[in-house]
Asker: 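Here it is, the structure, as C-alpha cells.
Since the model is a prediction, treat every value here as computed from it, not as a measurement. We count residues from 1, following the sequence as given.
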Amino acid sequence: MKRNNNQVKPLGRQLVTHHSPGSQAAEQFRTLRTNLSFATVDDDLRSVLVTSSVPEEGKSTTVANLAVVFAKQGKRVLLIDADLRKPTAHLTFLCDSMIGLTNMLTQQMPLAKAVQDTYVEGLSLLASGPLPPNPAELLASQQMKRVLEEAVGAYDIVFFDSPPVLPVTDAQILASLTDGVLLVLKSASIEKQKAKKSQDLLKQTGTPILGLVLNEKKQKKSDMYDYRAQGAL
C-alpha cells in the first residue's frame, strides 16, 4: 500500500530522530545504531526484537526511533507491529491498523499489499492488522516464520515491536525467530528482580540479547557534548 509522503503531517507519537535530528536524544539513537553494528560485526543482523519487562517502559518509542535512524542511514527498513494485544505503531506513523500482520498470518494478504509506506523515506510499516483472540498461537505458527523469511528477503533489516516479556509469552515466541533482542528498561521505575527475570526468560529462547536500553535516564549537563557546527543536523 503506497502513501503520498508529501501530504502526510505527523500527528502521532513524535519521533525525535525524524523531527529533531540534531537533538541530544536523536544522537543517542544514532549511538544505539552504531553499537548494534559493532555488537554484530561478524554476523549479518537482519531481524531485531525490541521489548521491555512490563508496559510503559518506552519500547514502542525506542523501536520506532531506531527504525528511523536505520532508514536515514539508507537502509530499507521494515517495522512490524507484533504487539497484537495493544498495537501503537500505526498511531506513530499515521497508518491503517486494520491492514497488517494478522492479514498475512491468516493468509488473506501478501506482504506487498499488507505493508504501508510511512512519512520517513525508506521506512515501511507492517501494522498489527485486526486484533485476534489468540495472538500467541498466531505468532507461534509456521506462517509467522514464513512471514519473517519473506520480510527479511525484501528488506535490509526488520524490527519487531512486541508486548512486554513478563505479562505474556509473545515476546519469547518472537525472540526465538529473530537474530537478536533489545530489552528496554525504564530508569525511574525499574525493578531489578523484574529486569533479571526478563533477561532470564529471553535467554531461554537461545537468541542473543544485544543490549539493554535504559530509558528516561537523567543526564548531567557535564555528560552532554555538542559536536555539531551551528546550523548542521
Side-chain angles (χ1 to χ4, degrees), residues 1-13 15 18 45-51 59-72 74-163 168-181:
M1 173 171 290
K2 301 296 182 183
R3 296 171 62 91
N4 186 338
N5 294 340
N6 295 327
Q7 296 179 356
V8 174
K9 294 182 179 180
L11 299 175
R13 177 185 290 121
L15 294 174
H18 183 70
L45 186 67
R46 303 296 303 278
S47 57
V48 179
L49 174 77
V50 179
T51 187
K59 64 173 179 57
S60 295
T61 300
T62 297
V63 69
N65 278 286
L66 195 56
V68 169
V69 294
F70 271 85
K72 288 184 178 293
K75 302 284 188 182
R76 294 170 299 154
V77 180
L78 178 64
L79 172 59
I80 298 179
D81 194 345
D83 189 339
L84 302 182
R85 302 170 191 269
K86 191 179 179 182
T88 61
H90 64 285
L91 299 174
T92 301
F93 293 101
L94 305 175
C95 293
D96 185 351
S97 67
M98 299 304 289
I99 300 172
L101 179 58
T102 55
N103 299 107
M104 291 193 67
L105 293 177
T106 53
Q107 303 186 50
Q108 298 175 346
M109 194 176 290
L111 180 66
K113 287 190 176 181
V115 164
Q116 302 175 61
D117 290 344
T118 74
Y119 54 79
V120 179
E121 185 177 357
L123 173 56
S124 300
L125 173 69
L126 183 61
S128 63
L131 299 187
N134 55 341
E137 286 76 8
L138 278 179
L139 295 174
S141 66
Q142 290 298 314
Q143 181 63 12
M144 183 67 231
K145 294 180 181 178
R146 288 189 281 269
V147 169
L148 178 57
E149 288 173 359
E150 185 176 0
V152 168
Y155 292 87
D156 294 322
I157 189 163
V158 178
F159 289 100
F160 282 90
D161 185 359
S162 82
V168 292
T169 61
D170 303 18
Q172 285 181 271
I173 294 169
L174 289 168
S176 67
L177 304 177
T178 58
D179 296 332
V181 179

Asker: Rounded to the nearest 0.5 Å, how far apart are OG of Ser124 and CG of Asp117?
Answerer: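 The distance works out to 5.0 Å.
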
Asker: For Arg46, enumerate each residue passing the side-chain hydrogen bond (donor to acceptor under 3.5 Å, both in side chains) test, keeping only those at least two apart in sequence or located in another chain.
Answerer: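 Once residues adjacent in sequence are excluded, Arg46 has no partner under the side-chain hydrogen bond (donor to acceptor under 3.5 Å, both in side chains) criterion.
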
Asker: Could you check if a side-chain atom of Thr102 sits within less than 4.5 angstrom of a side-chain atom of Leu84, using non-hydrogen atoms only?
Answerer: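 Yes - at least one pair of side-chain heavy atoms lies under 4.5 Å apart.
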
Asker: Rounded to the nearest 0.5 Å, how far apart are CG of Asp81 and CG of Leu91?
Answerer: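 Rounded to the nearest 0.5 Å, the CG-CG separation comes to 9.0 Å.
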
Asker: Report all side-chain donor-acceptor pairs from residues 171-178 shorter than 3.5 Å, counting only partners two or more places apart or in another chain.
Answerer:
unit_1: Gln172; atom_1: NE2; unit_2: Leu201; atom_2: O; d: 3.2
unit_1: Ser176; atom_1: OG; unit_2: Ile173; atom_2: O; d: 2.6
unit_1: Thr178; atom_1: OG1; unit_2: Ala175; atom_2: O; d: 3.1

Asker: Which pair of non-hydrogen atoms, one from Pro163 and one from Ala82, has the smallest distance, and what is that distance?
Answerer: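 Distance-wise, the nearest heavy atoms are CD-O, 3.7 Å.
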
Asker: For a 4.5 angstrom cut-off between non-hydrogen side-chain atoms, does Val158 reach Val48?
Answerer: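 A side-chain contact under 4.5 Å is absent here.
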
Asker: Whether the side chain of Gln143 engages the backbone of Met104 through a donor-acceptor N/O pair (distance < 3.5 Å, no angle test) should be reported.
Answerer: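 Such a contact is found between Gln143 side chain and Met104 backbone.
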
Asker: So do Leu79 and Phe93 actually touch side chain to side chain, heavy atoms under 4.5 Å?
Answerer: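 Counting from C-beta outward, Phe93 and Leu79 do come under 4.5 Å.
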
Asker: For a side-chain contact (heavy atoms from CB on, under 4.5 Å) check, start with the C-alpha distance between Phe160 and Val63, then their side-chain angles and the critical distance, and finish with the verdict.
Answerer: CA-CA 8 Å; Phe160 282 90; Val63 69; over 6 Å; no

Asker: Can you tell me how far CG of Leu78 sits from OG of Ser47, rounded to the nearest 0.5 angstrom?
Answerer: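 Between Ser47 OG and Leu78 CG, I get 11.0 Å after rounding to 0.5 Å.
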
Asker: Could you check whether any side-chain heavy atom of Glu121 comes within less than 4.5 Å of a side-chain heavy atom of Lys72, counting everything from C-beta outward?
Answerer: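 Heavy-atom side-chain distance check fails, nothing below 4.5 Å.
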
Asker: Hey, could you give me each pair passing side-chain hydrogen bond (donor to acceptor under 3.5 Å, both in side chains) that has a residue in residues 153-163? Not counting sequence neighbours.
Answerer: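 Found Thr51-Ser162, Lys59-Asp161, Ser60-Asp161, Arg76-Asp156.
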
Asker: Answer whether the closest heavy-atom distance between the side chains of Asp83 and Lys86 falls below 4.5 Å.
Answerer: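 The answer is yes, as the side chains (C-beta and beyond) meet within the 4.5 Å cut-off.
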
Asker: So how far is it from Leu49 CG to Asp170 CG, rounded to the nearest 0.5 Å?
Answerer: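 Leu49 CG to Asp170 CG: 10.5 Å, rounded to 0.5 Å.
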
Asker: Ignoring hydrogens and geometry, is there a side-chain-to-backbone donor-acceptor pair from Gln116 to Asp96 under 3.5 Å?
Answerer: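 Judged by distance alone, yes, a pair lies under 3.5 Å.
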
Asker: Among residues at least two apart in sequence or on other chains, which ones pass side chain to side chain contact (heavy atoms under 4.5 Å, CB included) with Gln142?
Answerer: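 Residues passing side chain to side chain contact (heavy atoms under 4.5 Å, CB included) with Gln142: Lys145, Arg146.
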
Asker: Can you name the residues that form a ring pair (Phe, Tyr, Trp, His ring centres under 6.0 Å) with Phe159, not counting sequence neighbours?
Answerer: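 Testing Phe159 for ring pair (Phe, Tyr, Trp, His ring centres under 6.0 Å), a comparison that skips the adjacent residues, returns Phe70.
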
Asker: How long is the gap from CG on Asn103 to CG on Leu111, to the nearest 0.5 Å?
Answerer: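 Rounded to the nearest 0.5 Å, the CG-CG separation comes out at 11.5 Å.
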
Asker: Any side-chain heavy atom of Leu66 sitting closer than 4.5 Å to one from Val68?
Answerer: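 No, every pair of side-chain atoms sits at 4.5 Å or beyond.
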
Asker: Can you tell me how far apart NE2 (His90) and SG (Cys95) are? Round to the nearest 0.5 Å.
Answerer: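 Nearest 0.5 Å value for the NE2-SG distance: 9.5 Å.
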
Asker: Please table the atom pairs, donor to acceptor, closer than 3.5 Å between any side-chain atom in residues 125-141 and protein atoms at least two apart or in another chain.
Answerer:
unit_1: Ser141; atom_1: OG; unit_2: Leu138; atom_2: O; d: 2.6
unit_1: Ser141; atom_1: OG; unit_2: Met144; atom_2: N; d: 3.3

Asker: Does Thr118 use its side chain to pair, donor to acceptor, with the backbone of Leu123 at less than 3.5 Å?
Answerer: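 Judged by distance alone, yes, a pair lies under 3.5 Å.
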
